[in-house]
Amino acid sequence: GIDLLDTLVLKHSQAISILVQIVSEALFMMGDNSLFLFNSFSFTDWSPAPRDVHVLTNWLIRTDLGSNENNLSQLVLARMNWGRKEDGTLVLPGSLHREVAIAIVEACGRLIPKIPGNIGQEGVGQPKGLKEVIQSYLPMLSEDQQKML
C-alpha cells in the first residue's frame with residue numbers, strides 16, 4: 001500500500017494535496033499513522049494549493065507542539081523545497097515563504113507563555129524557552145529564512 005502511494009506521489013506530486021485534505025478530515029482516527037504515511041513521501045516537487053497551506057499552518061499555529069497535527073505540519077513543511085532553482089528564482093512562491101514564516105512566528109508566540117522561565121514569568125532577557133521553541137522550528141526554514149531570524 002505505502003509503496004504504491006510513494007510511486008503515485010513521485011509521479012504526481014499534487015496527490016499530496018488530496019492526501020492532506022483526506023488526513024485533515026480523518027486525523028483523529030489515523031493518529032501516528034499519518035506521520036508514518038507522510039514520512040515516506042518526497043515533497044521536493046510539490047507546490048501546495050492555498051487550502052493545503054491553510055490546513056498546515058492552522059495545525060502549526062492552533063495545536064500543541066507535541067500533537068499529531070503539529071508534528072505532521074512540521075514534517076511536511078520541513079521537507080518542502082524552500083530552495084532556489086538554477087536560475088536563482090525561488091522554487092516555491094515568495095508569498096508562500098512569507099506565509100509559512102509568519103505562521104512559524106505565530107506558533108512560537110503562542111507557545112512562549114506555556115514555557116517556564118519565559119519573559120512573562122521570572123527573569124529578564126531572552127528566555128531559555130523561546131530559544132528551544134524557535135530551534136524546534138528551524139529545520140522547516142530555508143537558509144535564507146533562518147538568516148532573517
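The first residue of the sequence shown is numbered 1, and numbering continues consecutively from there. Values below: all heavy atoms of this structure, side chains included; hydrogens, waters and symmetry mates excluded.
- Ile61 and Leu27 are members of different hydrophobic clusters when ILVMFWY side chains are connected at heavy-atom separations under 4.5 Å.
- Trp82 places a side-chain N or O within donor-acceptor distance of the main-chain N or O of Leu77, the cut-off being under 3.5 Å.
- Taking the side-chain contact (heavy atoms from CB on, under 4.5 Å) definition, one finds that Lys11 meets it with nothing, sequence neighbours left out.
- Scored by the side-chain contact (heavy atoms from CB on, under 4.5 Å) test, Ile22 finds Ile18 as partners (sequence neighbours excluded).
- Scored by the side-chain hydrogen bond (donor to acceptor under 3.5 Å, both in side chains) test, Asn33 finds no partners at all (sequence neighbours excluded).
- The side-chain contact (heavy atoms from CB on, under 4.5 Å) search around Asn39 returns Leu75, Arg79, not counting sequence neighbours.
- The side-chain hydrogen bond (donor to acceptor under 3.5 Å, both in side chains) search around Thr44 returns Ser42, not counting sequence neighbours.
- Residues satisfying the side-chain hydrogen bond (donor to acceptor under 3.5 Å, both in side chains) test with His54, not counting sequence neighbours, are Asn58.
- Judged by distance alone, the side chain of Asn81 and the main-chain N or O of Asp45 form no donor-acceptor pair under 3.5 Å.
- The main-chain N or O of Glu69 is never found under 3.5 Å from a side-chain atom of Thr63 such that the two would form a donor-acceptor pair.
- Side chain of Thr89 to main chain of Lys85: no donor-acceptor pair is present (N/O by atom type, distance under 3.5 Å, no hydrogens or angles).
- Note on ring orientation: taking the six-membered ring where Trp is involved, the planes of Phe43 and Phe38 are parallel (angle under 30°, cut-offs 30° and 60°).
- Judged as a side-chain hydrogen bond (donor to acceptor under 3.5 Å, both in side chains), and not counting sequence neighbours, Arg51 has no contacts.
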What's the verdict on side-chain contact (heavy atoms from CB on, under 4.5 Å) for Ser47 and Leu92, showing C-alpha distance, side-chain angles and the deciding distance?
-> CA-CA 7 Å; Ser47 184; Leu92 296 168; 4.1 Å; yes
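- Within the 4.5 Å cutoff, side-chain heavy atoms of Trp46 are placed close to those of Ser17.
- Counting Ile, Leu, Val, Met, Phe, Trp and Tyr side chains that sit under 4.5 Å apart, directly or through other members, Ile102 stands alone, with no cluster partners.
- Within the 4.5 Å cutoff, the side chain of Asn70 has no heavy atoms near those of the Asp64 side chain.
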